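Down below is the structure, laid out as structure tokens.
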Amino acid sequence: MSAVGYAAVAGQIVVVGAGAPLLTGWMRQVRARLEGRAGAGVLQPWRDTRKLLRKEPITPVGTGSAFRTAPALLVATTVVAAALVPLLSTDTPVSSHADLILVVALIALGTVALALAGLDTGTAFGGMGASREMTVAALVEPTILLSVFALSIPAGTTNIPAIVSGAVDEPGRLASPAGLLATAALAVAVLAETGRIPVDNPSTHLELTMIHEAMALEYAGPDLALVELGAQMRLTLLLGLLSSLFVPWGIATGTSWAALAVALVLFAAKVCLLGAVLAAAEVFWAKIRLFRVPELLAGSFLLALLAVTASYFLSGAS
Amino acid sequence: MGLLRRIRETGRAAEPAPPRPEGDVPEKARELGGSVQVRCVDAGSCNGCEIEIAAAFNPVYDAERYGARQVASPRHADVALVTGPVTRNMAEPLRRTVAAMGEPRLVVAVGDCAINCGEFAGGHGVEGAVADVVPVDLTVPGCPPEPDAIVAALRRVTGR
């Protein structure tokens, strides 16, 4: 494999790792401006991370290995997924391993690690958050799988780089009914998986309404920095996956430095645009009641199922 | 669509940032570097100060633009904003809240009651002022203090 392939993998990891706090800062800034605020600036999440890394680490009495390993595991699974998923290039040394099921399993592993850490603290809110996160995850993971399956049927493989490069060659696949249904299903699943409104409110400080935040209530200092960085990286990764699957144009498919540079700029632009749309939408939406969340997610699962069915019958006939 | 029109008509609600507040930055706050997570503790207040704290974080005063943010857990917090005279029942929870915060941590006493028990001095349920229970780094006098004063105290901590 060429040096460009390795550079693409390294670039994906660096862009997701270093860009995730900036994306969060950008989304908070967009939201602040729409709310009439001045906003803390795009760099604020990096300032938060720097401060948390300097603070004293705290391990609450009675917590075990699940609590201690979860932050590192969350970030590690996200880094591996960021290396695998085609964000900048579909032709990398690891692209033959970038299977859909593996990527979804890596994301699920991070979710489970954090849920176990929430249970490990033994607090009421930790357990409650873990139970809610598992309820949401049980509905979201199959939706992500199914909606990408709908795109994998015309490509004939579950290898994500192959799906993406196939869509670059044949844009008609994305404009098909299956492609549109899968887009809608995956968008809802990404909202739920990353804990955004209308499923969860990332900026809440009311414990009773929390899902993701409730599991992280006992973390402090460097561990909290890792948990927050992990959550921000997952948002960047999933928005990047969404843009790679449904707006794949500009992604590098060969081994040229120029294509990689173009892909980097376009990736940043696409994810920033998606983030701004999401932040603006959050101003208009309210968080839905917890008991309505399964209805929303079941609806998105149904869309994904319809996408797979449409994809099977429409492409199977030809 | 109505909301969209309101957003366009309102524009920016935040008032222009006042000049940096006078007074030296507390020694411990220098390590925070422009990012302060705030945990509010109501130790027995009449809720007047809480209303003013809520106003300090609203779009008009917008304390968030200086890097202060409210959080749900003392473990995440760098600053405890304590209001009210400390009642007997809240003395132990207050000590535990401050103990749960990681170093460097600061305690800001907000309002006259938190500083010297104010109106409630000598009450049978009052343990004492905040400084009698936990070490206090900054005070914000007033009954209740204006949001500007609370924002100024938070800016001295964030250094922005």
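Below, chain A is the first sequence line, B the second, and so on; all start at residue 1. It should be emphasised that the depicted structure is a prediction, and the values quoted were computed from it without experimental measurement.
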Fill in: For A/L217 against B/A72, the heavy-atom pair lying closest together
CD2-CB, 3.9 Å
Fill in: B/A68 portion near chain A, given a 4.5 angstrom heavy-atom threshold
neither
Practice prompt. Please state whether the side chain, the backbone, both or neither of A/R50 comes within less than 4.5 Å of a heavy atom of chain B.
Written response: side chain
Item to complete: Flag the one option from A/M210, A/R28, A/E35 with the top tally of heavy-atom pairs under 4.5 Å to chain B.
Response: A/R28
Worksheet entry | Engaged part of B/A100 at the chain A interface, taking heavy atoms whose separation is under 4.5 Å | backbone
Worksheet entry | Exercise: identify the closest heavy-atom pair between A/V283 and B/I7 | CG1-CD1, 4.2 Å
Worksheet entry | For B/R69 against A/D48, the heavy-atom pair lying closest together | NH2-OD2, 3.9 Å
Discussion item. Quick check on B/R8 against chain A: is it the side chain, the backbone, both or neither that has a heavy atom closer than 4.5 Å?
Written reply: neither
Response to the item:
Cut-off 4.5 Å, heavy atoms of chain B, and the answer for A/I58 is side chain
Worksheet item: More than 12 non-hydrogen atoms from neighbouring residues, nucleotides or ligands closer than 6.0 Å to CG on B/D132, yes or no?
Response: yes
Worksheet, complete the sentence: Under 4.5 Å to a heavy atom of chain A? For B/N58 that would be backbone
Worksheet item: How close do A/H205 and B/V71 get, heavy atom to heavy atom, and via which atoms?
Response: CB-C, 4.0 Å
Worksheet, complete the sentence: Applying a strict 4.5 Å limit to non-hydrogen atoms, the region of B/Q37 in contact with chain A is both
Worksheet item: What residue in B/R12, B/H76, B/E64 has the most heavy-atom pairs under 4.5 Å with chain A?
Response: B/H76
Worksheet entry | Any B/R75 side-chain heavy atom under 4.5 Å of A/L224 side chain | no
Worksheet item: Nearest 0.5 Å, what's the CZ-CG distance between A/R54 and B/D78?
Response: 11.5 Å
Item to complete: Mind ranking A/G41, A/A32, A/P60 by heavy-atom pairs under 4.5 Å with chain B and telling me who comes out on top?
Response: A/P60
Fill in: Interchain contact, B/R160 with chain A, by part (heavy-atom threshold 4.5 Å)
side chain
Practice prompt. Taking all heavy atoms of A/E56 and all of B/E103, pick out the closest pair and write down the distance.
Written response: OE1-N, 2.7 Å
Discussion item. Could you check whether atom CZ of A/R292 has more than 12 heavy atoms from other residues, nucleotides or ligands sitting under 6.0 Å from it?
Written reply: no
Discussion item. If we ignore hydrogens and angles and just use 3.5 Å, is the side chain of A/K55 paired with the main-chain N or O of B/M101 as donor and acceptor?
Written reply: no
Worksheet item: At their closest point, which heavy atom of B/A14 faces which heavy atom of A/A38, and how far apart are they?
Response: CB-N, 3.8 Å
Worksheet item: Do other residues, nucleotides or ligands put more than 12 heavy atoms under 6.0 Å from the CD atom of B/E92?
Response: yes
